[in-house]
Amino acid sequence: MPADSDFSKIAVEPPRDAAHGDIATNAAMVLARPAGLKPRDLAEQIAKLLREEDEIEGVEVAGPGFINIRLAPLFWPQVLHGVLEAGRDFGRCRLGTAQKVNVEYVSANPTGPMHVGHCRGAVFGDALANLLDFAGFEVTREYYINDAGAQVDVLARSAYLRYREALGEEIGAIPEGLYPGDYLKPVGAALAAEFGDSLTGHPEEAWLETVRERAIAAMMEMIRDDLAALNVRHDVFFSERSLVRGEGDRIGALIAELGRDGLVYEGRLDPPKGKLPEDWEDREQTLFRAREFGDDSDRPLLKSDGSYTYFAADIAYHADKFRRGFADMIDVWGADHGGYVKRMQAAVKAVSGGEGALDVKLVQLVKLYRGGEPVKMSKRSGTFVTLRDVVDEVGRDPVRFMMLYRKNDAPLDFDFQKVTEQSRDNPVFYVQYAHARISSVLRNAAEELGAEAVSAANLRAAPLERLDDAAELTLIRRMAEWPRLVEQAALAHEPHRVAFYLYELSSDFHGLWNRGKDSPQLRFIRKDDTSLTFARLALIQCTASILAAGLDILGVEAVEEM
RNA sequence: GGUCCCGUAGCUCAGCUGGAUAGAGCAGCGGACUUCUAAUCCGCAGGUCGCAGGUUCGAAUCCUGCCGGGAUCGCCA
């Protein structure tokens, strides 16, 4: 074999089809050319060597040159020892080797309650963070508070109006352009209680900042409550305003820094192709050289009124993340921000000297339905659905599982009726039911055979080699996939894989359960054969551990009865 | 017009980063409840993986070009 052969394309993995053995490899096909042999001939040579191994029971060459390996019969039951030992920690790995990673998600404007549109990103980000944690990364969960733009001033004016209302003034209809929601009434009342009428009779400059601060704090409190209802949490709430307040103007400092590196210039931008925006004016502006880092265009840092663009602030924010030690950053955004990805990645490269990496996960829109009919939403008519509405109506677990039972970049139809009334359509119950059934068997076993029958020590001592039914082995093989699945899902930043895996694991379990209905000798609890019973209790205890661990990653409760 | 995402069974979607005969659920048809919980299970039927090229031992997967759907396109966030 030539020394410079490419071994990187060789895969050694469990095949999809169990008929192809326990482990399969494509090594012979990959190496046939450099070795100057036909794939099947090379495969035979490798197979011959493998057959000498003790733990290998059989080796076959199949298809175009696959080498299929069958392991000794005792191999699979041995897997359960690892699960029994580790319990819910089985599958935890050191993939991240304590590497720091920052996951930013939700980051909704603090101007009102969480909208249902925020729901998916929130759940996705939260589950992704859980997954990375499980895979051994040191995860920080972050929320970027957009508290510096014009819309928080609008919020302040809206709250001020409610404040005057709370003082007894007749305010009439909420003017166009202000937030009309009732949720600002308590904010107005709190302001009245704190300040009396001392904020009235002054120009806006006198009260705006005070009111804004109180209003933002109130909104963030509301948002945290909403997130808590969804079982979503963050470690850090990072204020955009803090970038220009306190320690000085960090956005300006950063622009100056980029300027010293020659990455900022005054120039003109080509107008967009196609239809021109109505208010387009061709003017000289301050631009970041995003094109040097793979973007399609250079990007403005200052608005026409001289204030910073959102992008400028976001650069400073990501630079701050990098300086806090996060070379790995993940942002979770709505799909409508897709056009923003390249410039942000360009900015991260620029501020990190190429050391930082940003992965942006775009979450597609959720379309709401009720009994097949689209739910129409409009803020003006007050018919928009809040995150809290959804959680209250269908429950936290179904919402979370549904949001995760889909790849992040695929659109999602969410039908209230399907998720509640026809609950069998919802896979969350299928998985939870599997866990509940196992809990039920373990309870029965403890009752009939005594509590020590289900003790950890007893299960560890069980004769696992007696698990030889095809359905039992299928279940064990599935469990053996778990660590690998965790690793790959974490690497791909795809928590939905965990959800699909749990469904399959549950399916294997339900199948086994029902075999016990047809053939009583396959029941888990066999009073005539306690040692076999112990082995089977160990088997399902392991299944429950993995179900619980996976559900924990998804942020869904592993219920013990239904 | 540029950029990004999507196109797989009647419907909703997976497909382990290039592997063997493309898989689930729902809907349809036929079966299993004196139960360790039927919110479950078993079987049948259902496919030009949008189209056409290319890369190689091998493509739903990678590349190019079309077709169709969605998002976005200086200063909003």
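In this text, all values refer to a predicted model and were calculated from it rather than measured experimentally.
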Close N/O contacts between protein and nucleotides 17-19 of chain B (under 3.5 Å):
residue	atom	partner	partner atom	Å
U17(B)	OP2	Gln488(A)	NE2	2.7
G19(B)	N7	Asn26(A)	ND2	3.2
G19(B)	O6	Asn26(A)	ND2	3.4

With a 4.0 Å cut-off on heavy atoms, is [X] in touch with a base, just the backbone sugar-phosphate, or nothing at all?
X	value
Ser304(A)	base
Ala410(A)	sugar-phosphate
Asn68(A)	base
Pro411(A)	sugar-phosphate
Tyr310(A)	base
Pro39(A)	nothing
Ala335(A)	sugar-phosphate
Glu561(A)	base
Glu504(A)	nothing

Practice problem: Report yes or no: is the cationic atom of Arg299(A) (NZ for Lys, CZ for Arg) closer than 6.0 Å to the six-membered ring centre of Phe311(A), at no more than 45° off its axis? | Solution: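 Not flagged: Arg299(A) not positioned over aromatic ring of Phe311(A).
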[N] and [M]: how far apart are their [atom1] atoms, nearest whole angstrom?
N	M	atom1	result
G2(B)	G46(B)	P	43 Å
A27(B)	A60(B)	C1'	25 Å
C13(B)	C49(B)	C1'	13 Å
C63(B)	A20(B)	C1'	25 Å
A32(B)	A9(B)	P	32 Å
G50(B)	G7(B)	P	7 Å
G53(B)	A71(B)	C1'	29 Å

Side chains of [X] and [Y] only: does a donor on one sit below 3.5 Å from an acceptor on the other?
X	Y	answer
Asn109(A)	Thr111(A)	no
Glu266(A)	Thr286(A)	yes
Asp331(A)	His318(A)	yes
Asn408(A)	Gln364(A)	no
Ser304(A)	Arg283(A)	no
Glu284(A)	Tyr265(A)	no
Arg497(A)	Tyr501(A)	no
Asn68(A)	His20(A)	no

Quiz item: With a cut-off of 6.0 Å (strictly less than), are more than 12 heavy atoms of other residues, nucleotides or ligands near CD of Glu447(A)?
Solution: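 Counting neighbours around CD of Glu447(A), 12 or fewer heavy atoms of other residues, nucleotides or ligands fall under 6.0 Å, so no.
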Exercise. Please figure out whether Asp296(A) or Thr25(A) has its closest RNA chain B nucleotide nearer the 5' end.
Key: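 Its nucleotide being nearer the 5' end, the pick is Asp296(A).
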Exercise. Output the single nucleotide from A20(B), A39(B), U37(B) whose closest atom is nearest the side chain of Ala62(A).
Key: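 Closest nucleotide to the Ala62(A) side chain: A20(B).
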For [N], does either OP1 or OP2 sit under 4.0 Å from a side-chain N or O belonging to [X]?
X	N	result
Asn426(A)	G25(B)	no
Gln285(A)	G74(B)	no
Tyr340(A)	G74(B)	no
Arg406(A)	U12(B)	no
Lys407(A)	C6(B)	no
His510(A)	G25(B)	no

Quiz item: Run the salt bridge (charged side-chain N to carboxylate O under 4.0 Å, His left out) check on Asp529(A) and Arg466(A) step by step: do they pass?
Solution: CA-CA 11 Å; Asp529(A) 189 342; Arg466(A) 294 194 61 193; 2.7 Å; yes
Self-check item: Backbone N/O of Lys418(A) and side chain of Tyr369(A): donor-acceptor pair under 3.5 Å
Solution: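 Judged by distance alone, no pair lies under 3.5 Å.
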Quiz item: Using the purine O4'-C1'-N9-C4 or pyrimidine O4'-C1'-N1-C2 torsion, is U17(B) syn (within 90° of 0) or anti?
Solution: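 U17(B): syn glycosidic orientation.
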Quiz item: Dot-bracket for RNA chain B: what is it, with Watson-Crick or G-U pairs under 3.5 Å, [ ] where a pair crosses earlier ones, and | for a pair to another strand?
Solution: (((((((..((((.....[...)))).(((((.......))))).....(((((..]....))))))))))))....
Quiz item: In residues 432-440 of chain A, what residues come within less than 4.0 Å of RNA chain B, judged by heavy atoms?
Solution: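 Tyr433(A), Ala436(A), Arg437(A), Ser440(A) - these, ordered by number, are the residues of the stretch whose heavy atoms sit under 4.0 Å from the strand.
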Quiz item: Quick one: do Arg291(A) and Asp296(A) make a salt bridge, cutoff under 4.0 Å?
Solution: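 Salt bridge absent between Arg291(A) and Asp296(A).
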